[in-house]
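Worksheet for the structure shown next.
Along the sequence shown, the residues carry numbers beginning at 1. Keep in mind that the numbers below use all heavy atoms, side chains included, and drop hydrogens, waters and symmetry copies.
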Amino acid sequence: MGLKVSSSLLCLTILLAVSSIVSAVNITRVLEKYPEFSTMTELLAKTELTPIINKRQTITVLALNNDAIGSISGRPEEEVKNILMNHVVLDYFDELKLKALKEKSTLLTTLYQSTGLGQQQNGFLNCTKSNGKIYFGSGVKGAPQTAEYITTVFRNPYNLSVVQISMPIVAPGLGSPVKVPPPPPMSSPPAPSPKKGAATPAPAPADEGDYADAPPGLAPETAPASAPSESDSPAPAPDKSGKKKMAAADEAEPPSSASNTGLSFGAVLVLGFVASFVGF
């Protein structure tokens, strides 16, 4: 009994594991979680590609959101089917694997090539890495590489990967090509920079203009204003010099009188000496 119970549990575990893998690989269950891919989910079901994709063990779906897929959704059903088969790569690629590619083109096999209808490599895709960005395009020689990788939406390693690209890939012979959408306008960002640049130099020209346009009378008024102040300043100078001269003169007078007294006293002494000499 113990062996039977153990074997039953083992079988149940394996069954649950297999069922979880199968449910994880179901493309419809994956995409229905993302409303922005609802149109692609409907087109895959309408063209009966859903069961074919779910039977594959290793696959990468290049998904288009509702806006991007709108350019091909109105085409004939057979044409849409062929185009969508060219968005199903028979290999596993996610963000890590794509970014690990070297700066060159890699040829990818698609579901359309497996039908045997491919001609001149229109059942292959070119994956090109350039300047850090990744682009997809038809494998036909000279076909444009314009579908840009955006992000990895879902990944179940080595089984199923859903990678979002910017626009549909229409290989030559499968329909008319899709025009590349114009880049977003870049006119608004440069607008603030001229305003800031104009605001910065504005004060400088205004100041220079004020000086340049000032009436000529203002400059002379400023010059004479300083001139009188300079003429007033020398006025006290003579007074100070006069005072100094007068002080010097006053100081010079006492020495002159002292010298005169000294001379008269000396003369008296001389006369006295002469008189005494004569007396002898």
Side-chain angles (χ1 to χ4, degrees), residues 20-21 23-41 43-44 49 52-54 56-72 83-114 118 121-172 174 177-184 186 189:
S20 63
I21 293 174
S23 62
V25 173
N26 190 300
I27 188 62
T28 302
R29 293 181 182 177
V30 170
L31 291 180
E32 69 184 1
K33 299 177 182 178
Y34 307 94
E36 62 269 27
F37 299 106
S38 59
T39 302
M40 186 167 189
T41 305
L43 290 177
L44 289 175
L49 288 176
I52 297 175
I53 293 173
N54 291 339
R56 294 281 177 174
Q57 294 298 320
T58 303
I59 207 164
T60 299
V61 177
L62 303 183
L64 299 162
N65 65 15
N66 298 338
D67 292 334
I69 205 171
S71 58
I72 63 170
I83 293 174
L84 290 179
M85 280 195 291
N86 233 11
H87 287 71
V88 180
V89 180
L90 304 183
D91 199 354
Y92 179 84
F93 288 94
D94 57 11
E95 184 175 5
L96 295 176
K97 192 173 180 180
L98 289 172
K99 290 187 175 181
L101 295 175
K102 297 181 179 180
E103 298 284 335
K104 62 179 183 179
S105 296
T106 302
L107 201 63
L108 309 178
T109 306
T110 69
L111 187 61
Y112 182 75
Q113 180 65 24
S114 67
Q121 291 191 323
N122 63 359
F124 295 92
L125 295 180
N126 255 330
C127 180
T128 304
K129 188 177 181 181
S130 177
N131 297 325
K133 294 184 177 182
I134 301 169
Y135 298 92
F136 295 90
S138 173
V140 177
K141 186 177 180 180
Q145 312 293 303
T146 53
E148 184 179 351
Y149 165 81
I150 297 177
T151 187
T152 298
V153 178
F154 174 85
R155 57 190 296 269
N156 183 10
Y158 309 109
N159 291 114
L160 174 64
S161 175
V162 178
V163 171
Q164 183 181 359
I165 58 176
S166 61
M167 61 178 294
I169 303 170
V170 183
L174 298 184
V178 177
K179 294 182 180 180
V180 181
M186 298 296 293

Dump the intermediate steps for side-chain contact (heavy atoms from CB on, under 4.5 Å) on Gln113 and Asn86, then the final yes or no. CA-CA 8 Å; Gln113 180 65 24; Asn86 233 11; over 6 Å; no
Exercise for the section: List the steps and the verdict of side-chain contact (heavy atoms from CB on, under 4.5 Å) for Arg56 and Leu160. Expected result: CA-CA 9 Å; Arg56 294 281 177 174; Leu160 174 64; over 6 Å; no
Indicate yes or no: at least one non-hydrogen side-chain atom of [X] is less than 4.5 angstrom from one of [Y].
{"X": "Asn66", "Y": "Ser38", "value": "yes"}
{"X": "Met85", "Y": "Ile52", "value": "no"}
{"X": "Thr109", "Y": "Asp91", "value": "no"}
{"X": "Val162", "Y": "Thr152", "value": "no"}
{"X": "Val30", "Y": "Asn26", "value": "no"}
{"X": "Lys97", "Y": "Asp94", "value": "yes"}
{"X": "Met40", "Y": "Leu84", "value": "yes"}

For residues 127-143, dump all side-chain donor-acceptor pairs below 3.5 Å to protein atoms at least two apart in sequence or in another chain.
unit_1, atom_1, unit_2, atom_2, d
Thr128, OG1, Ser105, OG, 2.9
Lys129, NZ, Lys99, O, 2.5
Lys129, NZ, Leu101, O, 3.3
Ser138, OG, Val140, N, 3.2

Under 3.5 Å, is there a donor-acceptor pair between the side chain of [X] and the main chain of [Y]?
{"X": "Asn122", "Y": "Ala171", "result": "no"}
{"X": "Asn54", "Y": "Ile27", "result": "yes"}
{"X": "Asn156", "Y": "Asn159", "result": "no"}
{"X": "Ser166", "Y": "Glu148", "result": "yes"}
{"X": "Thr110", "Y": "His87", "result": "no"}

Could you grab the distance from atom [atom1] of [X] to atom [atom2] of [Y], nearest 0.5 Å is fine?
{"X": "Ile72", "Y": "Leu64", "atom1": "CD1", "atom2": "CG", "value": "6.0 Å"}
{"X": "Thr28", "Y": "Leu44", "atom1": "OG1", "atom2": "CG", "value": "7.5 Å"}
{"X": "Leu108", "Y": "Leu125", "atom1": "CG", "atom2": "CG", "value": "6.0 Å"}
{"X": "Ile169", "Y": "Thr146", "atom1": "CD1", "atom2": "OG1", "value": "7.5 Å"}
{"X": "Thr106", "Y": "Leu98", "atom1": "OG1", "atom2": "CG", "value": "9.0 Å"}
{"X": "Leu62", "Y": "Gln164", "atom1": "CG", "atom2": "CD", "value": "11.0 Å"}

inquiry  = If you compare all heavy atoms of Tyr112 against all heavy atoms of Leu174, which two are closest, and at what distance to 0.1 Å?
reply    =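 Reported closest heavy-atom pair: OH-CD2, 3.3 Å.
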### Message
Could you walk me through whether Leu49 and Val88 satisfy the side-chain contact (heavy atoms from CB on, under 4.5 Å) test, starting with their C-alpha distance in whole Å, then the side-chain angles of each, then the deciding distance to 0.1 Å, before giving a yes or no?
### Response
CA-CA 10 Å; Leu49 288 176; Val88 180; 5.8 Å; no
Any chance you could lay out the side-chain contact (heavy atoms from CB on, under 4.5 Å) test for Tyr34 and Val153, step after step, and finish with the verdict? CA-CA 9 Å; Tyr34 307 94; Val153 178; 3.6 Å; yes
Q.
Looking only at the side chains, is there a donor atom on one of Ser161 and Tyr158 sitting less than 3.5 Å from an acceptor on the other?
A.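 There is no such pair between these side chains.
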